[in-house]
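Numbered from 1 within each chain, the chains take letters A, B, ... in sequence-line order. Just so we're clear, the structure is a prediction, and the values are computed from it rather than from any experiment.
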Protein chains: 2
Amino acid sequence: MTERKKEILELARSLFREKGYTSTSIRDIAAAAQVEPASLYSHFKGKEELLDAICFDMADRFLLAIKEVNDIYFDAVQRLAMAVKNHIGILTSYPDAAMVFQHDWRFLNDERKADFIALRDQYEEGIRDIIRGGIDEGSFNEVDVKFSTLTILSSLNWVVEWYREDGRLSPDEIAENLTKFILIGLKKELPPSYDIVTD
Amino acid sequence: MTERKKEILELARSLFREKGYTSTSIRDIAAAAQVEPASLYSHFKGKEELLDAICFDMADRFLLAIKEVNDIYFDAVQRLAMAVKNHIGILTSYPDAAMVFQHDWRFLNDERKADFIALRDQYEEGIRDIIRGGIDEGSFNEVDVKFSTLTILSSLNWVVEWYREDGRLSPDEIAENLTKFILIGLKKELPPSYDIVTD
DNA sequence: GGTCATCTAACGAACATTCGTTAGGCAAAG
DNA sequence: CTTTGCCTAACGAATGTTCGTTAGATGACC
């Protein structure tokens, strides 16, 4: 991959994020690159190659991250915390790509879309593994594994919609808060001694 | 609103959901309505009026629902449960519109987009109110209100991505599971007597 | 050290197609 | 007799892409 190709890809990422894939024209990208539209075809076969590269780069990052976690950490709580941290780390390190990854993958052609979904399923299976592990260990409630995985991933993924680099919370703080939320929930459990102490 | 207009709107909802707003052409909609493209302009000013109607209809439904909840229910746990149930109820009753509502609102023109965001903020404020109430009552942990609201809403909204009418879980079951998840979390709290009993 | 082939990156022009939209007419229904 | 719903025809603009070509750089071979 040429340096120039990387530059163009980066511009595409930014434009796709801002306006969406279908609403971004080759001419938009060319203008951003200060080049004639036709010149882009010296670097890419076509518009979809850009989307493809962005989506699958991200998919690879996520898959690598979950494999790492599931290879190393034993305890389910620990594994979940690490998975959350990695997930948020990727989202916040590549905010443009993450947005495109989540919104525009469906504009891939049918074949590549199927590939993409397969990779996404693989990732989800990694999360399900963690939850199953936690239940088997006895450290998690006996929840619906499939449902919980979807719910967890949704709360993680939405971060990309509101995260700003100059925001109030750092990526690690976001990950910590999410982990707490997922593990403990909202409801306050009064300490066992509560009644006695305050009486 | 004419009956025919409603029909066309329904077709648009379905197509927008399937292919996205920008990738759906007036000609696609006309074909679905078995009518020439130009004929649609007897019913609508233009393509954006369709998107506009879909998005703001949904916004109205959500706002009405949260107002109901916050007018009637006292207890924060009860209010949150009802808000979740209503939210999931809307998403699952209008799955096409819900998908468009979540994905394509950003293709509204700048003015309407601002209006839309204002309504969304209003809804979020309703959820924040519930959480603040729960903290004040002492029934919720002292969480970051803004962050928690976003996280809760994200886990609710993602349902639209995977919900199928013929799926395993009914809307009410989904809502119950989500409420449990939000309130209690994953981690099993061992009963206070656990150590003693098993020793 | 000169020349020859190859590669990168870009150009301007044109391509066929699709886009949202408008104008004007026509037939049926109230 | 006016309104409604649809028609045919066409508009100008934008779409992704292909074409043949060129300037400049790089490195190998004689």
Short heteroatom pairs, N/O only, protein and nucleotides 20-27 of chain C, under 3.5 Å:
{"residue": "C:dG20", "atom": "OP1", "partner": "B:Thr24", "partner atom": "O", "Å": "3.4"}
{"residue": "C:dG20", "atom": "OP1", "partner": "B:Lys47", "partner atom": "NZ", "Å": "2.9"}
{"residue": "C:dG20", "atom": "OP2", "partner": "B:Ile26", "partner atom": "N", "Å": "2.9"}
{"residue": "C:dG20", "atom": "N7", "partner": "B:Arg27", "partner atom": "NH1", "Å": "2.8"}
{"residue": "C:dG20", "atom": "O6", "partner": "B:Arg27", "partner atom": "NH2", "Å": "2.9"}
{"residue": "C:dT21", "atom": "OP2", "partner": "B:Tyr41", "partner atom": "OH", "Å": "2.7"}
{"residue": "C:dT21", "atom": "OP2", "partner": "B:Lys47", "partner atom": "N", "Å": "2.8"}
{"residue": "C:dT21", "atom": "O5'", "partner": "B:Tyr41", "partner atom": "OH", "Å": "3.3"}

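Between A:Leu40 atom CG and C:dT8 atom P there is a gap of 16 Å when expressed in whole angstrom units. If you take CG of A:Asn109 and P of D:dG16, they are 16 Å apart, rounded to a whole angstrom. Between the P atom of C:dG12 and the CD atom of A:Gln34 lies a distance of 14 Å, rounded to the nearest Å. The distance from atom CD of B:Glu3 to atom C1' of D:dG5 is 15 Å, rounded to the nearest whole Å.
B:Glu36 comes within contact range of at least one nucleobase, with a heavy-atom separation under 4.0 Å.
Applying the side chain to side chain donor-acceptor pair (under 3.5 Å) test to A:Ser39 and every residue at least two apart in sequence or in another chain returns nothing. A search for side chain to side chain contact (heavy atoms under 4.5 Å, CB included) contacts involving B:Asp129 returns B:Asn70, B:Glu125, B:Arg132, not counting sequence neighbours. With sequence neighbours excluded, the residues that form a side chain to side chain contact (heavy atoms under 4.5 Å, CB included) with A:Ala32 are A:Leu11, A:Leu15. Residues forming a salt bridge (Lys or Arg N to Asp or Glu O under 4.0 Å) with B:Asp121 (at least two apart in sequence, or on another chain): none. In this structure, the side chain to side chain contact (heavy atoms under 4.5 Å, CB included) partners of B:Leu64, at least two apart in sequence or on a different chain, are B:Glu68. For B:Arg164, there are no salt bridge (Lys or Arg N to Asp or Glu O under 4.0 Å) partners two or more places apart in sequence or in a different chain.
The aromatic rings of A:Phe116 and A:Phe56 stand perpendicular to each other, their planes meeting at an angle above 60°, with 30° marking the opposite boundary.
The residues A:Glu124 and A:Arg128 are annotated as salt-bridged, a charged nitrogen and a carboxylate oxygen being separated by less than 4.0 angstrom.
Applying the 4.0 Å criterion to OP1 and OP2 of C:dT8, one finds that A:His43 has every side-chain N and O outside that range. Checking the phosphate oxygens (OP1, OP2) of C:dA9, a side-chain nitrogen or oxygen of A:Thr2 falls inside 4.0 Å. The phosphate of D:dC6 has OP1 or OP2 within less than 4.0 Å of a side-chain N or O from B:Arg4.
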Contacts table for residues 80-93 of chain A: side-chain donor-acceptor under 3.5 angstrom, sequence neighbours left out:
{"residue": "A:His87", "atom": "ND1", "partner": "A:Tyr123", "partner atom": "OH", "Å": "2.6"}
{"residue": "A:His87", "atom": "NE2", "partner": "A:Asn157", "partner atom": "OD1", "Å": "2.8"}
{"residue": "A:Thr92", "atom": "OG1", "partner": "A:Ile88", "partner atom": "O", "Å": "2.7"}
{"residue": "A:Thr92", "atom": "OG1", "partner": "A:Gly89", "partner atom": "O", "Å": "3.3"}
{"residue": "A:Ser93", "atom": "OG", "partner": "A:Gly89", "partner atom": "O", "Å": "2.6"}

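Heavy-atom distances under 4.0 Å link DNA chain D to no residue of residues 5-16 of chain A.
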